[in-house]
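Below, chain A is the first sequence line, B the second, and so on; all start at residue 1. Predicted model, so just to flag it, every value in this text is computed and none were measured.
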Number of protein chains: 2
Amino acid sequence: MKDVAARAGVGLKTVSRVVNGEPGVTPDTERRVREAITALGFRRNDSARILRKGRTASIGLVLEDLADPFYGPLSRAVEEVARAHGALLINGSSAEDPAREQELVLALCARRVDGLVIIPAGEDHRYLEPELAAGVATVFVDRPAARIEADAVLSDCFGGSRAAVAHLIAHGHRRIGFIGDRPGIHTAAERLRGYRTAMAEAGLPVDPSWISLGPTDPDRVGAAARSMLDGPGPITALFAGNNRVTVTAVRVLAGRTLPVALVGFDDFELADLLSPAVTVVAQDAARLGRTAAEMLFRRLDGAAGEPRRVELPTRLIARGSGEIPPADRG
Amino acid sequence: MKDVAARAGVGLKTVSRVVNGEPGVTPDTERRVREAITALGFRRNDSARILRKGRTASIGLVLEDLADPFYGPLSRAVEEVARAHGALLINGSSAEDPAREQELVLALCARRVDGLVIIPAGEDHRYLEPELAAGVATVFVDRPAARIEADAVLSDCFGGSRAAVAHLIAHGHRRIGFIGDRPGIHTAAERLRGYRTAMAEAGLPVDPSWISLGPTDPDRVGAAARSMLDGPGPITALFAGNNRVTVTAVRVLAGRTLPVALVGFDDFELADLLSPAVTVVAQDAARLGRTAAEMLFRRLDGAAGEPRRVELPTRLIARGSGEIPPADRG
DNA sequence: CTGAAAGCGCTTACAG
DNA sequence: CTGAAAGCGCTTACAG
């Protein structure tokens with residue numbers, strides 16, 4: 001910028017004015033400055049600008065896995081809101097590793113993002129306290145913060161799961177299995193609670209062998225499903241705790257002779273084209289992201305007050321697999 | 001930092017040393033500094049650091065749509081490589097809009113990202129010339145740069161498409177349709193060229209009504225497919241130019257009485273569970289991302305030389321839909 | 001082992 | 001309409 005000023009024969013401030021499109025520069029001066037800019041290949045350095053101005057016009061997004069189709073629409077929605085507010089998105093995946101989440105969050109804070117949208121992997125977010133005290137706006141999505149108070153936007157996992165299981169019960173099932181994610185994950189725990197509540201409300205006993213929580217890789221989920229189907233008190237219906245579980249369950253059930261009812265948490269593309277088409281409890285990932293980002297920018301615009309928790313509804317979409325009656329095992 | 005130094009009764013440089021874990025500080029001094037840091041809630045400001053050091057340890061990723069499942073594994077792969085090199089990822093979607101691509105790229109440059117990975121939407125990248133001259137490393141992925149020379153990592157769209165269409169021809173088809181993305185998009189043009197080449201190599205004529213290029217939204221693609229199927233010289237097989245086209249094609253074909261063969265470009269989840277299971281030409285999105293990011297960091301580490309273009313192979317996966325023989329229309 | 005000075009590239013507040 | 005000076009929060013190069 002100094003070189004540009006020298007070449008154009010003007011002061012630093014005048015170059016700054018031209019670069020930022022501020023008023024108060026004669027057309028002639030402006031032309032000279034612009035010439036110098038292209039001649040010298042000048043490019044403004046935003047780091048310096050940020051250092052002076054305070055705000056960085058960027059927000060951080062920490063999610064679990066960029067490659068998980070559930071987070072695609074969510075990220076995209078956060079990005080659109082950020083863009084509408086003139087902010088850039090900096091993001092990264094925690095890979096469900098609390099240490100990596102913390103590392104990423106603190107790196108974003110050191111870059112002085114104006115705010116953070118976090119899909120947490122950790123179970124203790126007190127490391128964020130100094131940042132929150134320093135004024136970094138933060139909204140948690142999909143799962144709440146642990147051990148600190150913070151804004152959060154969640155899906156109604158409990159209600160959705162209760163409805164899913166009640167749906168299976170209404171179609172005559174009494175032995176219903178549940179395969180979910182690791183119980184330390186808030187959404188997994190809530191979905192389990194919904195399952196238990198629906199069973200209890202119908203006065204149905206739950207055999208411990210009908211419940212399996214853990215990593216959602218195909219091997220574990222497949223083994224869990226097969227053992228529930230082939231055990232002594234075999235299930236006639238399965239409630240799958242998320243999209244990955246559902247996909248694996250579909251594969252397992254496709255190889256079976258006796259029909260087994262299935263309801264999955266999370267909708268997914270082509271669910272309606274499988275046979276049977278898959279009944280799901282859908283949550284709106286894009287709306288989750290949009291709501292969280294809007295809450296963040298409201299905070300950045302000065303909205304004060306206690307941390308808020310917003311819960312978005314889910315929707316049961318009956319397509320066929322959830323309406324299969326219990327198989328008669330003769 | 002000044003306040004921390006004052007409170008700990010040391011010089012600025014000593015605080016800097018403690019914060020950065022540099023050697024040459026007595027344990028006692030270090031303890032005093034750390035106490036002052038927590039007492040004052042000090043958090044290092046990386047903008048200032050970046051301003052001094054030059055490198056930002058961050059790279060930018062510009063893609064077409066964060067929500068498109070094809071880009072999930074690609075982004076994730078870029079992120080993993082960045083992480084291995086201690087760099088953060090800043091990213092955004094161009095939404096297939098050249099103006100938005102340019103805006104995003106220049107914003108990233110102003111933040112002084114060390115390098116860029118770009119899935120281009122534009123057809124003229126000369127706006128990047130000043131940045132390239134200033135030393136911003138740049139690698140294009142999935143599609144090449146236009147009107148400038150730059151590193152690029154691509155899939156072999158031409159070869160994959162030729163193989164797909166040859167596969168249909170080998171199963172007896174002579175009237176084969178192609179539905180692809182807008183012809184300005186390099187990958188779409190290459191896939192069309194592969195289609196034409198395979199048809200020509202088999203000595204088969206191509207009726208203009210068998211080719212439809214344009215936006216890949218379900219309405220347009222569905223209409224195009226129906227008109228090819230119901231027109232005067234109806235096709236007996238369809239080659240779908242990308243994952244979105246394939247999904248729509250599956251929906252259209254599912255409602256038909258006469259079987260129609262289908263091969264899709266891009267693999268997708270559950271393709272094997274549909275009936276018939278969908279034959280595809282698979283490209284490796286994660287490898288595309290990884291290769292590009294590695295090339296970028298090699299440049300950042302000083303690799304000189306002419307821009308390189310790497311082409312990754314595709315793989316035909318026969319699952320059923322592509323092996324259906326031509327329907328006998330009596 | 002420790003610190004004072006200069007400077008990274010901008011903007012802010014002020015004066016002409 | 002224009003510019004000189006000070007400062008954002010750090011690091012670099014040097015000296016003690």
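- In this entry D/dG3 has C/dC14 as its Watson-Crick or G-U wobble partner, both defining distances falling under 3.5 Å.
- The pair B/Arg287-B/Glu294 does not meet the salt-bridge criterion, since no charged nitrogen lies less than 4.0 angstrom from a carboxylate oxygen.
- Under 4.0 Å is where a charged nitrogen must lie from a carboxylate oxygen, and between B/Glu149 and B/Arg126 no such pair does.
- OP1 or OP2 of D/dT2 sits under 4.0 Å from a side-chain N or O of A/Thr29.
- Ion pairing between A/Arg76 and B/Asp65 holds under the 4.0 Å rule for side-chain N and carboxylate O.
- Between the CG atom of B/Asp3 and the P atom of D/dG9 there is a distance of 9 Å, given to the nearest Å.
- Looking at heavy-atom distances under 4.0 Å, A/Asp46 makes no contact with the nucleic acid at all.
- Between B/Ser16 and the phosphate of D/dT11, there is a side-chain N or O to OP1/OP2 separation shorter than 4.0 Å.
- Distance B/Arg111 CZ to C/dG9 P: 18 Å, rounded to the nearest Å.
- A salt bridge does not link B/Arg309 with B/Asp151: every distance from a Lys NZ or Arg NE/NH1/NH2 to an Asp or Glu carboxylate oxygen is 4.0 Å or more.
- The pair B/Asp46-B/Arg44 counts as a salt bridge, with a side-chain nitrogen and a carboxylate oxygen less than 4.0 angstrom apart.
- Between D/dG9 and B/Ser47, no contact under 4.0 Å exists linking OP1 or OP2 to a side-chain N or O.
- Look at A/Asn20 and you'll find a side-chain N or O under 4.0 angstrom from OP1 or OP2 of C/dT11.
- In summary, B/Arg83 and A/Glu103 engage in a salt bridge, as defined by a charged side-chain N under 4.0 Å from a carboxylate O.
- Using cut-offs of 30° and 60° for the angle between ring planes, the A/His85 and A/Phe297 rings count as parallel.
- Residue order along DNA chain C, read from the 5' end via each residue's closest nucleotide, puts A/Met1 first among A/Met1 and A/Arg17.
- Only B/Arg49, B/Leu51, B/Arg52, B/Lys53, listed by number, bring a heavy atom of residues 49-56 of chain B to less than 4.0 angstrom from any atom of DNA chain D.
- Counting to the nearest Å, the C1' atom of D/dT2 and the CD atom of A/Glu30 are 14 Å from each other.
- Of the listed nucleotides (D/dC10, C/dT11, D/dT12), D/dT12 has the atom at the smallest distance from the side chain of B/Lys13.
- Across the interface with DNA chain C, nearest-nucleotide mapping of A/Lys2 and B/Gly11 shows B/Gly11 to be the residue nearer the 5′ end.
- For the pair B/Glu22 CD and C/dC1 P, the interatomic distance rounds to 13 Å; values are reported in whole Å.
- A/Arg290 has no carboxylate O lying under 4.0 Å from a charged side-chain N of A/Asp284, or vice versa, which leaves the two without a salt bridge.
- Near-neighbour residues of DNA chain D inside residues 33-44 of chain B, defined by a heavy atom below 4.0 Å, number-ordered: B/Phe42, B/Arg43, B/Arg44.
- A salt bridge links B/Asp28 and B/Arg31; the closest N-O separation between the charged side-chain nitrogens and carboxylate oxygens is under 4.0 Å.
- Residue A/Thr14 places no side-chain N or O under 4.0 Å from the OP1 or OP2 atom of D/dC1.
- No contact: A/Val19 has no heavy atom under 4.0 Å from any strand.
- Ion pair A/Arg43/B/Glu129 not flagged as a salt bridge, since none of the NZ, NE, NH1 or NH2 atoms sits closer than 4.0 Å to an Asp/Glu carboxylate oxygen.
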